[in-house]
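Note on naming: letters A, B, ... go to the chains in the order of the sequence lines (proteins, then strands), and numbering restarts at 1 for each one.
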Amino acid sequence: MTLPKSFDAAEAEPRIYAEWEGSNAFAAGANAQRDETFSIVIPPPNVTGSLHMGHAFNNTLQDILIRWHRMRGFDTLWQPGTDHAGIATQMVVERELAKSGRSRTDFSREDFLDLVWEQKRKSRGNIRSQLQRLGASCDWAREAFTMAGAPGDPEGAPGGQNFHDAVIRVFLELYEKGLIYRGKRLVNWDPHFETAISDLEVENLEVDGFMWHFKYPLANGETYTYVERDADGNVVLEEERDYISIATTRPETMLGDGAVAVHPSDARYAPIVGKLCEIPVGPREHRRLIPIITDDYPDPDFGSGAVKITGAHDFNDYAVARRAGIPCYRLMDTRARMRDDGDAYAEAAMRAQEIVSGLKLSDAEIDAINLVPDELRGLDRFEARERVVEAITEEGLAVMTTDEEGNAVPLVERKKIMAPYGDRSKVVIEPMLTDQWFVDAEKIVGPAIEAVKTGETTILPESDRKVYFHWLENIEPWCISRQLWWGHRMPVWYGFDLAREGFRDDEGDGALDPVEVGRLLSHQHLLRGEERHHAAHDFESVRRQFDDVLAGLPTPLNHARVVEVADREAALHTIAESLAEYSVSQDPTHLVYPVWQDPDVMDTWFSSGIWPIGTLGWPEDTPELRKYFPTSVLITGFDIIFFWVARMMMMQYAIVGERPFDTVYVHALVRDEQGKKMSKSLGNVLDPIDLIDEFGADAVRFTLAVLAAMGRDVKLSKDRIAGYRNFGTKLWNAARFAEMNGAVCGQDGVPEATAPVNRWILGETARVREEVDAALEAFRFNDAAAALYAFTWHRVCDWYVEFSKPLLQGEDEGLKAETQRVMGWVIDQCLILLHPFMPFITEELWDVLAERRKMLIHADWPQYQAADLADAAADAEMRWVIAVIEEVRSVRAQMHVPAGQYVPILATEIDAEGRRAWDRNAALIKRLARIDSLSEVESFPRGTATVALEGTTLGLPLEGLIDVAEEKARLEKTQAKLDKEIRGLSGRLSNPQFAANAPEEVVEEARENLAAREDERARVAEALSRLAEIG
RNA sequence: GGGUGAUUAGCUCAGUGGUAGAGCGCUUCGUUCACAUCGAAGAUGUCGGGAGUUCGAAUCUCUCAUCACCCA
């Protein structure tokens, strides 16, 4: 049976993939023939996501390494799975609900989560089947999910792998070691999703903005002399001022100012440091006064040099406020609207003023103060900004300047400002002071840095090490709580802190009297009070912790029974009711103590942070964990070095004390052919599945591999993919030729060869095998792919297949049989070596060409050495044969000899070696160069086109056909090229320093080279002078 | 502002001190029985500018310019 003319990828790919899967070819340990293991955990894509070019790239590289190791007999595991992508997945479901006018809050948390689980079930197969289209040979039976086994998971924990329990356990371990804490800190708040996000989920974009300049009047009408000097110290401005000028891009936050700061070295403001100034917004009768302080943060050369400090809405201000003990007043609610809660403005402002005068309040008490003037309450932050600007301007407290016509106008600079945007929501992020959970990253970062410094873990390319170090060495606390429903819920319960001051047992008699119980009933205290919390795997275990606390309280509280309620509000209600009942019944056994679970969930990256151990079964001591951990390689995009790689390093060390992987290979971005980032808005997105449909998975994979130069972006074009699709067809047709000519595939071992052409290709094959192994060993995917391309196309197809034709179709049966064996072997080697890159087409050919013991996916990777297979004499001979053919072809083309016409050829001065080479390869040369005979002559007849080669000069007698001018031009061009080379070589050789300093072999090579070039030059010169005679 | 990388053929890019390369594109020729998703031949470069180290620099150093990305 003859093969069809090309490979039908659409038909074959699913069929072949099914055969692999059906025979468990991807299973962990399949084809293992040695003890060494090789394992990769897949960077988990979002469960609701779909495959984009970056995934295709990333997984192609992983599959190449996995298949290569599996064929080499390593005990290999490629661990697949997806993550639950908190915000993204919740967003998908909410968007779906929005279509029918519903929202998340129309459902109970449990009901909503059921919808998300359903969505997860629907989307999960998506990315998996896309990876399968690509040919990814993951062990799908082990497919993991970062929320597997969480409450509500309808599938339970497949394979007994309960990722949820592992995540909770990690949280508790870190919590108990004091590495996770709860605190009120400034976080990035996403007003759209109403959740905190980490600083990595914020994109800073440059947008058009304004800088306003306002006057903050000094308290009690005080004045000072404001003096400005130039660089030489000369006074350029001197005036009496009763205010300090402040520049801001966010006037609405002035309402929450706690101070004005200037640099300690700034002489202009030295006279007023320590004095009070007035915030020029809000009702005049309740203007707040704030102190003027010094701090290193303000830049004296920027704006007025004075900065307003709004600790609750700006990260820099927050740092200043913390240093100086300035209160941070929160101005907005969870949707970034101006607060509309708490006391009226007049009372709030008064209370804030008391703090300036020395009143000490707790963070919670300060947070309860709402400093938004009544008329601005409930407004959107941007609307509030306009109103504030208007009010100040109206009052005449804007700094003025003159416009082109000389009118006085408020000074408002238009300028580019960096604004933070949520990477998912695309709305402006609001720094917000809230209670959140944090990982004390600084305490666990050490081993992660050390591991890369000592080389325990290698990061490639090396330049990415710096990025990694820079981030880790400046690490900030990691906010891991998210105000979402979809995710691992915090295993933390809260209860009122009844032991706090104010609930004291006045008499110390171990029992509370009615007055004291009545005090407990006061909601205000409970509302404003702090809670105590305990962390545990479940309510039952946390209850015991609360029991212990209650036991230490006075009667009747020590009798209270711990019950779980929905939230804080329910708890208030429950405890009030219970105490009221007690005050009537005086029966302590009916008292209940309500606790409620933290509603927040953990950052998705916290759970994917334990991906390497979690997927292998930790905390159980599984055989897989013992065998495949630490994993061998992580292949991932540079964009998640911080999000994921650095955190995995930290967390694996913190939990199991070991590196998660030996090597991290960081790849760059896939861009379009102009080098632009692929984005939906630009419309330049290439969908890998479309490309696979059009060109086949092998072509897409090979293209990505050959473009994967380390540390460089991949610029992808369809032309390029089409080119490598053609490469597949080329391979296919070489195999087709081999099959049609009785090539023997499926032999054991390397065939014996006597003919130079066969000996030559054995050596070439061994060389490319070494090259491919070396390149893959060094993660140089592009070098490996390029070497295979050049070998398969330019050595096997262009030369070896052509050379083989006269032998396979010739009379010499022995030579024919040898060539059939060598041809079959060479084709087999191409299939084996290309399989990691182009798995489908190679597997198909492997199957068609011979009966095999195993599928190609499990074929043995060769180990032969060029040192054993290469034959220098055969190499030299074939180089000469190729040179003869190329030169003759070149002359023919330039002299316009019809392509199909056979011509005689003449030789002068042919040496014995040349004669032998000719004789042995005459059939090949004659056929490939279209020559009918070779005769030796003393000298060429008139009208001969000459070819100068090492050891001989060949001539094509073209009497009457030759164009003298053209031939002269051709020879002169050759001569010029030779002259240039000779000049370079002799220049070097005549320099005594060269001989003295350069290595022996370099000098020797140059000398030989020069001799050969000079020999050729002499022949060309001779030909030219002969031509001159005719001319 | 800090950091990283880049600048090589028309385009996209390899190339870690020893005679400048690949793919695509372009020009000419070619339907001989593996392949027109092909074959043969060909053109195209002050390796961003400048300086230095070296017998020798696309490659190492410095500097300038331009671009890109990351972090403030």
Open item on the list: Checking A:R1013 now: which residues fulfil side chain to side chain contact (heavy atoms under 4.5 Å, CB included) with it, not counting sequence neighbours?
Closed with: A:L978, A:E981, A:I982, A:L985, A:N1009, A:E1016
TODO: Establish, yes or no, whether the cationic atom of A:K718 lies under 6.0 Å from the six-membered ring centre of A:F695 and within 45° of the ring axis.
DONE: no
Open item on the list: I need a per-nucleotide contact map over nucleotides 18-23 of chain B, read 5' to 3'. Cutoff is protein heavy atoms under 4.0 Å; write B for the base, S for backbone only, - otherwise.
Closed with: BB---S
Task: Proximal nucleotide (of B:rU37, B:rA34, B:rA14) relative to the A:V801 side chain - done: B:rA34
Task: Salt-bridge present (A:D979, A:R983; N to O < 4.0 Å) - done: no
Open item on the list: Base, sugar-phosphate or nothing for A:E802? Non-hydrogen atoms, less than 4.0 Å.
Closed with: base
Open item on the list: Tell me the interatomic distance from A:D299, atom CG, to B:rG2, atom P, rounded to whole angstroms.
Closed with: 14 Å
Task: Euclidean distance, atom CZ of residue A:R970 to atom P of B:rU28 [Å, nearest integer] - done: 22 Å
TODO: Write down the distance between CZ (A:F737) and P (B:rA34), rounded to a whole number of angstrom.
DONE: 6 Å
- [ ] Would you indicate which nucleotide in B:rG30, B:rA41, B:rC33 comes nearest to any side-chain atom of A:R889?
- [x] B:rA41
Task: side-chain hydrogen bond (donor to acceptor under 3.5 Å, both in side chains) partners for A:H313, two or more places apart - done: A:E430
Open item on the list: In this structure, how many angstroms lie between the P atom of B:rA72 and the CD1 atom of A:I429, rounded?
Closed with: 14 Å
Open item on the list: What contact category does A:R725 fall into here, base, sugar-phosphate, or nothing, at under 4.0 angstrom with non-hydrogen atoms?
Closed with: base
- [ ] Assign A:A786 to base, sugar-phosphate, or nothing according to its heavy-atom contacts below 4.0 angstrom with the strands shown.
- [x] nothing
Open item on the list: Give me each pair satisfying ring-ring contact (aromatic ring centres under 6.0 Å, His included) with a member in residues 968-994 of chain A, each pair once, sequence neighbours excluded.
Closed with: none
Open item on the list: Whole angstroms only, please: what is the NE2-C1' distance between A:H470 and B:rG1?
Closed with: 12 Å
Task: Distance, rounded to the nearest Å, where A:E771 contributes CD and B:rG15 contributes C1' - done: 13 Å
TODO: Could you tell me which residues satisfy ring-ring contact (aromatic ring centres under 6.0 Å, His included) with A:F7, sequence neighbours excluded, listed by chain and number?
DONE: A:W732
TODO: For B:rA9 versus B:rU27, give the span between their C1' atoms, rounded off to a whole number of Å.
DONE: 15 Å
Open item on the list: Less than 3.5 Å apart, any donor N or O on the side chain of A:T636 or A:N58 sitting next to an acceptor on the other?
Closed with: no
- [ ] Using the C1' atom on both, measure B:rG48 against B:rA41 and round to a whole Å.
- [x] 34 Å
TODO: Residues of residues 921-932 of chain A with any non-hydrogen atom less than 4.0 angstrom from an atom of RNA chain B: list those, numerically ordered, please.
DONE: A:R930
- [ ] Using atom OH of A:Y468 as one end and atom C1' of B:rC71 as the other, report the distance to the nearest whole Å.
- [x] 17 Å
Open item on the list: How close do A:C745 and A:A850 get, counting heavy atoms only, and between which atoms?
Closed with: O-CB, 3.6 Å
Task: Upstream residue (5' side of RNA chain B) when A:N733 and A:R780 are each assigned their closest nucleotide - done: A:R780
Show every donor-acceptor pair shorter than 3.5 Å between a side-chain atom in residues 774-792 of chain A and any protein atom, with sequence neighbours excluded, or say none if there are none.
| unit_1 | atom_1 | unit_2 | atom_2 | d |
| --- | --- | --- | --- | --- |
| A:R780 | NE | A:D783 | OD2 | 2.6 |
| A:R780 | NH2 | A:D783 | OD2 | 3.2 |
| A:T792 | OG1 | A:L788 | O | 2.7 |

- [ ] Answer with yes or no whether the side chains of A:S890 and A:E886 bring together a donor and an acceptor at under 3.5 Å.
- [x] no
- [ ] Please identify each residue that fulfils side chain to side chain contact (heavy atoms under 4.5 Å, CB included) with A:A923, with sequence neighbours left out.
- [x] A:P806
- [ ] For A:H794, look at atom NE2 and say whether over 12 heavy atoms of other residues, nucleotides or ligands are found less than 6.0 Å away.
- [x] yes
TODO: Please measure how far the P atom in B:rC67 lies from the corresponding atom in B:rG52, and state the result in whole Å.
DONE: 28 Å
Task: Nearest-angstrom distance, C1' atom, B:rU16 to B:rA34 - done: 41 Å
Task: Whichever of A:I885 and A:M740 has its nearest RNA chain B nucleotide further upstream toward 5' - done: A:M740
Open item on the list: Tell me whether the side-chain N/O atoms of A:W793 come closer than 4.0 Å to OP1 or OP2 in B:rG39.
Closed with: yes
TODO: Can you tell me, in whole Å, how much space there is between the P of B:rC62 and that of B:rU4?
DONE: 11 Å
Open item on the list: Expected output check: what is the dot-bracket annotation of RNA chain B, where ( ) and [ ] are pairs inside the strand (brackets for crossing ones), | is paired with another strand, and pairs are Watson-Crick or G-U under 3.5 Å?
Closed with: ((((((((.[[[[.)..(..]]]].(((((.......))))).....[[[[[..)....]]]]]))))))).
Task: Side-chain N,O (A:S890) to OP1/OP2 (B:rA40) below 4.0 Å - done: no
Task: B:rA36 base / A:K5 side chain donor-acceptor hit below 3.5 Å - done: no
Task: Interatomic distance where CD belongs to A:Q993 and P belongs to B:rU53 [whole Å] - done: 14 Å
Task: B:rC24 and B:rA57, which share atom name C1', separated by this distance in whole Å - done: 30 Å
Task: Same-atom distance (C1') from B:rU44 to B:rA22, integer angstrom - done: 15 Å
Task: Side-chain-base donor-acceptor pair under 3.5 Å for A:K730 and B:rC35 - done: yes
- [ ] Give me the residues of residues 698-706 of chain A where at least one heavy atom lies under 4.0 Å from an atom of RNA chain B, by number, or none.
- [x] none
Open item on the list: Looking at every non-hydrogen atom in both residues, tell me the closest pair between A:M823 and A:A738 and how far apart they are.
Closed with: CG-CB, 3.8 Å
- [ ] Using a strict 4.0 Å threshold on nitrogen-to-oxygen distance, state whether A:R767 and A:E764 make a salt bridge.
- [x] yes
Task: Touch class at under 4.0 angstrom, heavy-atom based, for A:K805 against every strand present - done: base
Open item on the list: A:A419: which residues meet the side chain to side chain contact (heavy atoms under 4.5 Å, CB included) condition with it, sequence neighbours left out?
Closed with: A:V207, A:Y421
Task: Residues in side-chain hydrogen bond (donor to acceptor under 3.5 Å, both in side chains) contact with A:D847, at least two apart in sequence or another chain - done: none
Open item on the list: Between A:N991 and B:rG56, is there a contact of a side-chain N or O with OP1 or OP2 at under 4.0 Å?
Closed with: no
- [ ] Can you tell me, in whole Å, how much space there is between the C1' of B:rG21 and that of B:rG30?
- [x] 27 Å
Open item on the list: Check A:R1017 with A:E972, please: is the shortest side-chain N to carboxylate O separation under 4.0 Å?
Closed with: no
